**Q** 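Input: one structure, supplied below.
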Amino acid sequence: MNISVDGNLSENFVAADFFNYIILLESSNPSMKALENWVRNEPGGAKQSHAAEFACSLKGQSTEWKKQEEKTRRAIKQVVKWDITKENPLGAVVLPQADCIVTLYYLELVSKDHNMYINLLKKLLSLLKIGGHLILMALINISYYTVGQHKFAALKCNEEFIQKALTEAGCSILSSETHKRDFKSLLSDYEAITYFVCCKEKAV
């Protein structure tokens, strides 16, 4: 079973090739509704054909994106509310522990400080089996991002902090890679993108 955090569908077009049971965690009610509409192929779901086509192009099958969309829809079994304002973000929902958790550009955007980052990471990892894998992508040293005309603060984190947080949360880092940003944009100010593949060694 795979858990994808904050309802980003793009990585699930890849995950559906490896998992037939995917759970999406989403914190926004409107986003939850849009995701559910997409999964049911109902009006109101955001178009994802570009992401599906890109995922298929990675394996040389860009013309098969419609089949990949349907495969991903079949694999997504639940869209679950993840409310970080609560001590237990899942509320009354109980989920089986996952084999893999994927989170993209999430913790640094929702955390107010480094302690909150570590606490949220530990809560996410409580959903992962011992021996399961965490795939985490992070924006390095981002301080803000924009959505439309609105500007939001983000938490600046460097690679060393994230490595320490992962270790403190009970993970061993199997591999990591950093790609420096090679363009400028007023939409956000991150310096690099970092990827971590980790194994959960113990519960913390």
Side-chain angles (χ1 to χ4, degrees), residues 1-59 61 64-84 86 88-107 110 120-138 166 169-175 195-204:
M1 186 186 80
N2 180 73
I3 291 178
S4 179
V5 181
D6 212 34
N8 192 326
L9 276 172
S10 58
E11 70 269 21
N12 291 291
F13 292 115
V14 177
D17 285 337
F18 302 92
F19 298 96
N20 58 17
Y21 199 111
I22 295 173
I23 296 173
L24 305 183
L25 302 185
E26 174 55 59
S27 54
S28 161
N29 288 330
S31 294
M32 282 186 68
K33 181 62 176 174
L35 288 169
E36 289 167 346
N37 287 342
W38 183 86
V39 171
R40 297 171 186 152
N41 204 12
E42 296 176 350
K47 291 185 178 180
Q48 299 291 333
S49 55
H50 61 290
E53 187 171 358
F54 176 74
C56 288
S57 72
L58 296 176
K59 53 184 181 179
Q61 300 175 356
E64 299 295 310
W65 63 268
K66 288 185 178 180
K67 291 181 180 178
Q68 194 68 17
E69 277 197 322
E70 292 311 309
K71 184 176 184 179
T72 304
R73 285 188 171 100
R74 291 193 300 271
I76 296 173
K77 307 302 185 187
Q78 287 179 271
V79 180
V80 177
K81 183 67 177 287
W82 176 257
D83 187 350
I84 63 172
K86 296 181 178 179
N88 177 9
L90 289 176
V93 176
V94 177
L95 298 178
Q97 286 193 308
D99 301 291
C100 182
I101 292 178
V102 181
T103 174
L104 276 64
Y105 320 131
Y106 174 65
L107 291 170
V110 301
L120 282 176
L121 177 61
K122 289 178 179 178
K123 288 177 181 180
L124 282 176
L125 286 168
S126 71
L127 307 177
L128 185 66
K129 295 176 180 177
I130 299 291
H133 290 84
L134 169 71
I135 300 172
L136 181 147
M137 293 174 61
L166 289 166
C171 285
S172 62
I173 298 172
L174 303 179
S175 64
Y195 310 79
F196 292 94
V197 178
C198 311
C199 178
K200 179 178 176 180
E201 293 189 331
K202 60 182 178 180
V204 176

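Predicted model, so just to flag it, every value in this text is computed and none were measured.
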**Q** Distance check, rounded to the nearest 0.5 Å: R73 atom CZ versus I22 atom CD1?
**A** 13.0 Å
**Q** Look up atom CG in L125 and atom NZ in K123, then write down how far apart they are to the nearest 0.5 Å.
**A** 13.0 Å
**Q** Begin with the C-alpha distance, continue with both residues' side-chain angles, and end with the deciding distance and a verdict on side-chain contact (heavy atoms from CB on, under 4.5 Å) for W38 and V79.
**A** CA-CA 11 Å; W38 183 86; V79 180; over 6 Å; no
**Q** How close do A16 and K71 get, heavy atom to heavy atom, and via which atoms?
**A** O-CE, 3.3 Å
**Q** Going from SG on C199 to CD1 on I173, what distance comes out if it is rounded to the nearest 0.5 angstrom?
**A** 12.0 Å
**Q** Within the structure provided, determine whether L166 and L134 are in side-chain contact (heavy-atom separation under 4.5 Å).
**A** yes
**Q** How about NZ on K77, more than 12 heavy atoms from neighbouring residues, nucleotides or ligands closer than 6.0 Å, or not?
**A** yes
**Q** Contact between N29 and K81 at the side-chain level, heavy atoms closer than 4.5 Å - yes or no?
**A** yes
**Q** More than 12 non-hydrogen atoms from neighbouring residues, nucleotides or ligands closer than 6.0 Å to OH on Y195, yes or no?
**A** yes
**Q** Could you tell me which non-hydrogen atom of P43 sits nearest to which non-hydrogen atom of N37, and how far apart they are?
**A** O-ND2, 3.3 Å
**Q** Evaluate side-chain contact (heavy atoms from CB on, under 4.5 Å) for I135 paired with E11, printing each intermediate quantity in order.
**A** CA-CA 11 Å; I135 300 172; E11 70 269 21; over 6 Å; no
**Q** Report yes if the side chains of Q68 and D17 come closer than 4.5 Å at any heavy-atom pair, otherwise no.
**A** yes
**Q** Look up atom CD in Q78 and atom CD in E36, then write down how far apart they are to the nearest 0.5 Å.
**A** 10.5 Å
**Q** Working to the nearest 0.5 Å, report the span between NZ of K200 and OG of S172.
**A** 12.5 Å
**Q** Going through the distances and angles, do I3 and V80 end up as a side-chain contact (heavy atoms from CB on, under 4.5 Å)?
**A** CA-CA 10 Å; I3 291 178; V80 177; over 6 Å; no
**Q** Quick one: side chain to side chain donor-acceptor pair (under 3.5 Å) partners of K67, sequence neighbours excluded?
**A** E64
**Q** Hey, what do you get for CG (N12) to CZ (F18), rounding to the nearest 0.5 Å?
**A** 12.5 Å
**Q** Less than 4.5 Å apart, any side-chain heavy atom of L127 and any of W82?
**A** yes
**Q** Please report the shortest heavy-atom distance between A51 and F13, naming the atom on each side.
**A** CB-CE1, 3.7 Å
**Q** Under 3.5 Å, side-chain donor or acceptor atoms of residues 89-105 against the rest of the protein: list the pairs with distances, not counting sequence neighbours.
**A**
from : atom 1 : to   : atom 2 : distance (Å)
Q97  : NE2    : S126 : O      : 3.0
Q97  : NE2    : L128 : O      : 3.3
D99  : OD1    : K129 : NZ     : 2.9
D99  : OD2    : M1   : N      : 2.4

**Q** In terms of heavy-atom contacts, does NZ of K33 have more than 12 from other residues, nucleotides or ligands at under 6.0 Å?
**A** no
**Q** Shortest non-hydrogen contact from A75 to F19?
**A** CB-O, 3.7 Å
**Q** Which heavy atom in E69 sits nearest to a heavy atom in S49, and how many Å separate them?
**A** OE2-N, 3.5 Å
